[in-house]
Amino acid sequence: MDVNETPDLSDDEKKLFEDLMPEDLDEILDTGVNRRHFLKLVTLAGGGILAAQSAVAEQLFTRPLSVPVAAELSSATIENGVNVSLNVNGAARKLLVDSRMTLLDTLRERLELTGSKKGCDHGQCGACTVIVDGQRVLSCLTLAASCEGKSVKTIEGLAKGTSGSTVRLHPMQEAFLKHDGFQCGFCTPGQICSAVALMDEAKRGDASYVTEDVRKKTAPVQLSTEEIRERMSGNLCRCGAYPNIVAAIQEVHSGKPVEQTFRFSA
């Protein structure tokens, strides 16, 4: 949501804040939901207080952001400026950026799409993963100028619909919610984008490190647990939600419910 835009909350969402955070209601209606409000809701969810309103909370925080108007910067304020035209989440965007600016910084600082996270900023953690022309890339290592004429999809562009009851999550997002494929949530946007692109890789029959015969290309690939773990190994989760992530991907890949098995030490 644009910080200058009047928040458009549904009646259920207003009721949610009125019941749980009445002291913040006026501020939310005036300026919208900010990080502090989100963290409050997360805390309430952790205490089980959000159980009755979980559907409304999910609807609120999985709502795709409206595409903001990027700040216009003149060539005089940008060193080594280049014009870049690209398609971001279905919308054509034209920006003047520094030729050394990464795709990640362009998304976060110029387009205000902050779902993609800056973790290590060295291409090692995968938190910044986005999908460019159907291929997953590390946006912290990708120059924005190299994306000229390309299609970029971020976590904000996966769900269908714009607001309220019209929002329909991507199957991978639904599976991550069902299987608790996240804890702190910082790596989750990159995990989900990587998993979505992984599905297309499997359909094409792309090989991985654990493929028995890389010379024999068979499409589609039936993903085993070992295959999923290998293909997702570039996305790190410091909370250790890996079994849940694998289960979520297996369910989307197979189209059948996957029962999560938890192992406890004696």
* Can you establish whether the number of heavy atoms outside Arg238 located under 6.0 Å from its atom CZ is more than 12? =>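 Atom CZ in Arg238 is not crowded, with 12 or fewer foreign heavy atoms closer than 6.0 Å.
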* Is there a side chain to side chain contact (heavy atoms under 4.5 Å, CB included) between Gln250 and Ile228 once you walk through the steps? -> CA-CA 8 Å; Gln250 283 179 327; Ile228 293 174; 3.4 Å; yes
Indicate yes or no: at least one non-hydrogen side-chain atom of [X] is less than 4.5 angstrom from one of [Y].
X	Y	value
Gln173	Ile192	yes
Lys178	Pro257	yes
Val84	Val82	yes
Met199	Ile249	yes
Leu223	Leu198	yes
Leu169	Leu177	yes
His170	Lys160	no

* Evaluate the side chain to side chain contact (heavy atoms under 4.5 Å, CB included) criterion for residues Val97 and Asn83: first the C-alpha distance (whole Å), next the side-chain angles of each, then the deciding distance (0.1 Å), finally the verdict. => CA-CA 6 Å; Val97 300; Asn83 287 306; over 6 Å; no
* To do: Let me see the working for Leu103 and Val130 under side chain to side chain contact (heavy atoms under 4.5 Å, CB included), right down to the final yes or no.
  => CA-CA 9 Å; Leu103 176 59; Val130 299; 3.9 Å; yes
* **Residue pair Arg136, Thr129: steps toward the side-chain hydrogen bond (donor to acceptor under 3.5 Å, both in side chains) verdict** => CA-CA 6 Å; Arg136 47 181 167 166; Thr129 304; over 6 Å; no
* To do: Can you tell me which residue pairs pass the side-chain hydrogen bond (donor to acceptor under 3.5 Å, both in side chains) test with a partner in residues 139-154, sequence neighbours excluded?
  =>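 Every pair satisfying side-chain hydrogen bond (donor to acceptor under 3.5 Å, both in side chains) with a residue in residues 139-154: Asn89-Thr154, Thr154-Glu156.
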With rounding to the nearest 0.5 Å, note down the distance linking [atom1] in [X] to [atom2] in [Y].
X	Y	atom1	atom2	answer
Lys14	Ile28	NZ	CD1	12.0 Å
Phe176	Gln191	CZ	CD	5.5 Å
Ile131	Cys193	CD1	SG	5.0 Å
Leu95	Thr106	CG	OG1	7.0 Å
Lys15	Asp11	NZ	CG	11.0 Å
Ile245	Met172	CD1	CE	11.0 Å

* Are Leu141 and Val152 connected in a single hydrophobic cluster, I mean Ile/Leu/Val/Met/Phe/Trp/Tyr linked by side-chain heavy atoms less than 4.5 Å apart? ->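 No, no single cluster joins them.
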* Asked: Any chain of hydrophobic side-chain contacts (each under 4.5 Å) joining Val196 to Val246?
  ->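 Yes, because Val196 and Val246 connect within a single hydrophobic cluster, where side-chain heavy atoms sit under 4.5 Å apart.
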* Carboxylate-amine/guanidinium proximity below 4.0 Å for Lys118 and Asp105 ->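 A salt bridge is present here (some side-chain N lies under 4.0 Å from a carboxylate O).
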* **Qualifying residue for side-chain hydrogen bond (donor to acceptor under 3.5 Å, both in side chains) with Ser208, from Glu230, Glu201, Glu227** =>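 It is Glu227, the one option of Glu230, Glu201, Glu227 that forms the side-chain hydrogen bond (donor to acceptor under 3.5 Å, both in side chains) with Ser208.
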* Does the side chain to side chain contact (heavy atoms under 4.5 Å, CB included) test come out yes or no for Cys140 and Thr102, once each step is laid out? -> CA-CA 6 Å; Cys140 76; Thr102 65; 5.5 Å; no
